[in-house]
Amino acid sequence: METESEPYVRLATLRQLHQVMADMNTARSLADTLQTVADGVVTGLGYELACVNLVRPDGDLVVAAFSGNPAAEALITGRVGSRESWERRLSMGEHWGDLVFIPHTEGWILDDDDVPQWYTDGPAPRFEDEWHPSDRLFAPMYTPGVQGGACGELIGVLSVDRPRNGRLPGAWGREALQMYAFQAAIAISNARLRANMQRALVRLEREQQALRASEESFRQAFEYAPSGMAIAEMGGDQHGRILRTNDALCRLLGRPASAMRRYSFSDLVHPEDIGTLLRTSAEGGRAELRLGRRDGTYVWVSLRNSVVADAADGPRFLLTHVEDIEERKRRELQLAHRASHDSLTGLPNSAELRARLSARLCKRPAHAGALESTDAAYGHPAVYDANGHGFDFRPVAAAYEGFDHHVHTVAPAEGERDDGTKGLAVLFCDLDGFKSINDRFGHNAGDAVLIEVARRLSRGVRDGDTVARLGGDEFVILADGLGRADAQDLAVRLRNEIIQPIRAEGRAVRVGASFGIGWAHCGMTADEVLKSADERMYVEKRSRPKQHRRAG
């Protein structure tokens with residue numbers, strides 16, 4: 001067979017392709033595979049230069065291997081081109097199957113993008129199919145098993161340059177490069193899989209070596225650890241039962257080792273933290289919760305789990321590390337309290353007040369000109385407009401879907417008639433005559449008055465009600481489940497408490513108090529509720545003669 005005939009050329013190329021593909025699939029590492037891919041383009045496909053651009057986890061492409069020119073290799077290897085620039089290149093030019101050819105007549109617009117590239121000098125083409133130094137040919141590589149760039153995931157791009165025969169590749173050359181890119185993608189994917197498997201095997205071997213460590217070494221590490229350690233059963237009817245504890249954990253909980261073996265951690269955890277314990281993953285889980293001491297108190301701990309098994313894959317056990325974090329938790333709680341409470345009186349501050357009030361309210365759809373009746377508030381299909389005319393409430397109720405498990409806050413009806421509705425009363429309290437105490441006796445006396453007023457207000461409300469200091473000499477009380485008469489009675493009682501003499505700086509002083517009662521209901525913001533109560537307080541203050549605003 002003539003060595004210059006096309007069948008001979010194709011057969012020789014196939015033999016070269018067979019060899020370079022074999023080399024690709026026998027490379028020992030991912031780096032070797034990438035370099036073999038680049039070298040195979042040069043040795044098997046007849047191009048002088050080849051570059052492998054590999055997709056990184058962030059989507060950009062890095063020059064991972066280069067072949068054919070040591071100077072160009074040193075210049076661009078390791079450099080990165082953005083995914084946006086690469087997608088632009090792969091979407092322009094001529095598409096030869098999966099290949100992308102960008103002729104020199106179009107490629108000049110890519111000279112300034114961020115894709116790493118090399119430049120070769122040479123004369124202009126003398127005939128139509130001659131390769132130009134500025135021509136670009138790319139072979140995208142897609143995930144194995146999917147042929148065609150429209151369907152597969154891009155894993156890299158082969159860039160080739162300067163065919164040895166000086167001509168644009170014909171149909172056979174294009175098909176050979178496309179087949180090679182497909183096989184290269186398989187080789188790269190397999191190399192990545194092998195690398196991941198090797199790393200997994202290394203990790204597995206290390207874990208097995210750790211599990212094969214001597215019992216004596218483990219016993220010493222377990223027993224003499226400075227923080228608490230426990231081993232518990234994993235799986236079965238006795239899951240979670242404590243089998244063994246070290247001295248540090250026994251000291252921390254004040255319980256002997258023999259007693260600890262009667263419990264599981266679910267028996268020792270604070271009732272409020274049982275959900276946190278159950279949500280903690282056995283394998284590598286971590287949680288912060290409270291464990292019970294023998295004396296009935298609780299201590300904050302950081303609890304971390306891991307699973308251990310013997311070398312023969314025998315019974316699995318739960319190894320729990322318990323660290324005392326009581327001091328850190330105490331500081332955190334103190335910081336949280338300082339952030340949400342007034343430093344002088346210890347009452348919730350303005351931010352905490354608004355948070356508690358907002359938690360009770362939801363934004364309900366506004367229906368202009370319509371006011372819900374008490375019946376509607378309790379789910380009955382009746383709504384009345386400002387003139388008392390009713391209409392079916394059920395279409396409106398449909399708009400309230402999405403507030404499941406939320407009890408809407410409503411206000412008692414205006415007027416003297418008590419309709420039995422209970423609501424969230426907001427009592428805005430402003431002290432009368434407080435400024436004169438500051439001016440006459442100093443700020444220490446004023447602070448003493450504020451502290452005592454805060455104490456009296458807190459003493460005069462129910463458990464669960466909120467007394468907050470809004471700022472200066474202004475206080476706010478949130479009292480849920482009150483009718484209008486109840487709220488008025490509460491304001492009178494609190495005013496009577498406040499006007500009693502207060503000892504400040506060795507003398508008895510008195511202040512008065514003006515109360516405004518507002519009502520919270522869904523559809524209002526916290527600021528709107530507070531503003532309403534504030535305005536009612538000023539109405540009440542102005543309605544009383546000045547001499548009656550303060551006693552003594």
Side-chain angles (χ1 to χ4, degrees), residues 335-372 374 376-377 386 396 399-400 402-403 405-415 421-432 434-435 450 453-454 457-458 460-462 464-484 486-488 490-491 494-495 498 513-543:
L335 290 174
H337 187 272
R338 291 174 185 172
S340 61
H341 287 70
D342 176 50
S343 59
L344 177 64
T345 63
L347 297 177
N349 59 18
S350 173
E352 178 67 11
L353 169 67
R354 285 174 166 81
R356 294 187 186 185
L357 184 53
S358 297
R360 285 295 315 278
L361 305 175
C362 67
K363 293 182 178 179
R364 305 180 69 177
H367 297 276
L371 300 173
E372 292 181 32
T374 303
V396 180
Y400 297 156
F403 294 105
H405 312 298
H406 174 80
V407 179
H408 291 301
T409 301
V410 297
E414 295 280 359
T421 303
K422 306 293 184 180
L424 176 58
V426 181
L427 281 68
F428 198 107
C429 172
D430 181 78
L431 300 184
D432 300 327
F434 176 75
K435 183 177 183 301
L450 293 175
V453 168
L457 289 174
S458 299
V461 299
R462 305 163 301 175
D465 291 344
T466 294
V467 178
R469 183 185 177 196
L470 193 61
D473 61 346
E474 296 177 335
F475 298 84
V476 173
I477 298 94
L478 304 182
D480 204 357
L482 298 185
R484 291 191 176 273
D486 300 328
Q488 291 289 350
L490 176 60
L494 295 178
R495 181 184 295 114
I498 292 173
S514 297
F515 281 87
I517 303 175
W519 295 93
H521 60 81
C522 289
M524 299 179 70
T525 66
D527 286 336
E528 288 172 343
V529 175
L530 294 174
K531 181 180 179 182
S532 172
D534 186 22
E535 291 173 349
R536 292 173 184 267
M537 182 275 297
Y538 275 107
V539 170
E540 196 269 347
K541 184 186 289 283
R542 288 193 296 267
S543 68

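Remember, it's a predicted structure, so these values are computed and weren't measured experimentally. One is the number of the first residue; the rest follow in order along the sequence.
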Q: How close do S458 and L347 get, counting heavy atoms only, and between which atoms?
A: OG-CD2, 3.4 Å
Q: Look only at the side chain of R495 and the backbone of C429, and say whether a donor-acceptor pair between them is shorter than 3.5 Å.
A: no
Q: Kindly compute the distance separating CD1 (I517) from CG (L490), expressed to the nearest 0.5 Å.
A: 7.5 Å
Q: Establish, from distance only, whether the side-chain atoms of S514 and D430 form a donor-acceptor pair under 3.5 Å.
A: no
Q: Do NZ/NE/NH1/NH2 and the carboxylate oxygens of D486 and K422 come within less than 4.0 Å?
A: yes
Q: State, to 0.1 Å, how close N349 and A339 come at their nearest heavy-atom pair, and which atoms those are.
A: ND2-O, 3.0 Å
Q: Quick one: closest heavy-atom pair of G518 and A533, and the distance?
A: N-CB, 3.8 Å
Q: About how many Å separate CG of L457 and CD1 of I477, when rounded to the nearest 0.5 Å?
A: 5.0 Å
Q: Are R354 and L470 close enough, and set up right, to give a side-chain contact (heavy atoms from CB on, under 4.5 Å), and what steps lead you there?
A: CA-CA 10 Å; R354 285 174 166 81; L470 193 61; 3.7 Å; yes
Q: Which distance, rounded to the nearest 0.5 Å, do you find between the CD of E474 and the OG of S350?
A: 10.0 Å
Q: Can you check side-chain contact (heavy atoms from CB on, under 4.5 Å) on T525 and L361, steps first, answer last?
A: CA-CA 7 Å; T525 66; L361 305 175; over 6 Å; no
Q: Do R356 and E352 touch side chain to side chain, with heavy atoms closer than 4.5 Å?
A: yes
Q: Taking all non-hydrogen atoms of both residues into account, name the closest pair between P348 and T466 and its distance.
A: CG-CG2, 4.4 Å
Q: Donor-acceptor pair, distance only, cut-off 3.5 Å: does the side chain of S532 make one with the backbone of E528?
A: no
Q: Can you check whether D432's main-chain N or O pairs, donor with acceptor, with D473's side chain at less than 3.5 Å?
A: no
Q: If I compare all heavy atoms of D465 with all of A479, which pair ends up nearest, and what's the gap?
A: OD1-CA, 3.5 Å
Q: Applying side-chain hydrogen bond (donor to acceptor under 3.5 Å, both in side chains), run through T345 and R469 and close with a yes or a no.
A: CA-CA 8 Å; T345 63; R469 183 185 177 196; 5.3 Å; no
Q: Nearest 0.5 Å please: distance from the CG atom of L427 over to the CE atom of M537.
A: 11.5 Å
Q: Kindly determine whether V529 and L424 satisfy side-chain contact (heavy atoms from CB on, under 4.5 Å), including the steps that lead there.
A: CA-CA 10 Å; V529 175; L424 176 58; over 6 Å; no
Q: Let's go through L478 and R360 carefully: what are the C-alpha distance in whole Å and the side-chain angles of both, what is the deciding distance for side-chain contact (heavy atoms from CB on, under 4.5 Å) to 0.1 Å, and is it a yes or a no?
A: CA-CA 11 Å; L478 304 182; R360 285 295 315 278; over 6 Å; no
Q: Measure the OG-CG distance between S340 and L353 for me, rounded to the nearest 0.5 Å.
A: 11.5 Å
Q: Please report the interatomic distance CH2(W519) to CG(L482), rounded to the nearest 0.5 Å.
A: 5.5 Å
Q: Can you tell whether the side chains of E540 and R536 come within less than 4.0 Å, N to carboxylate O?
A: no
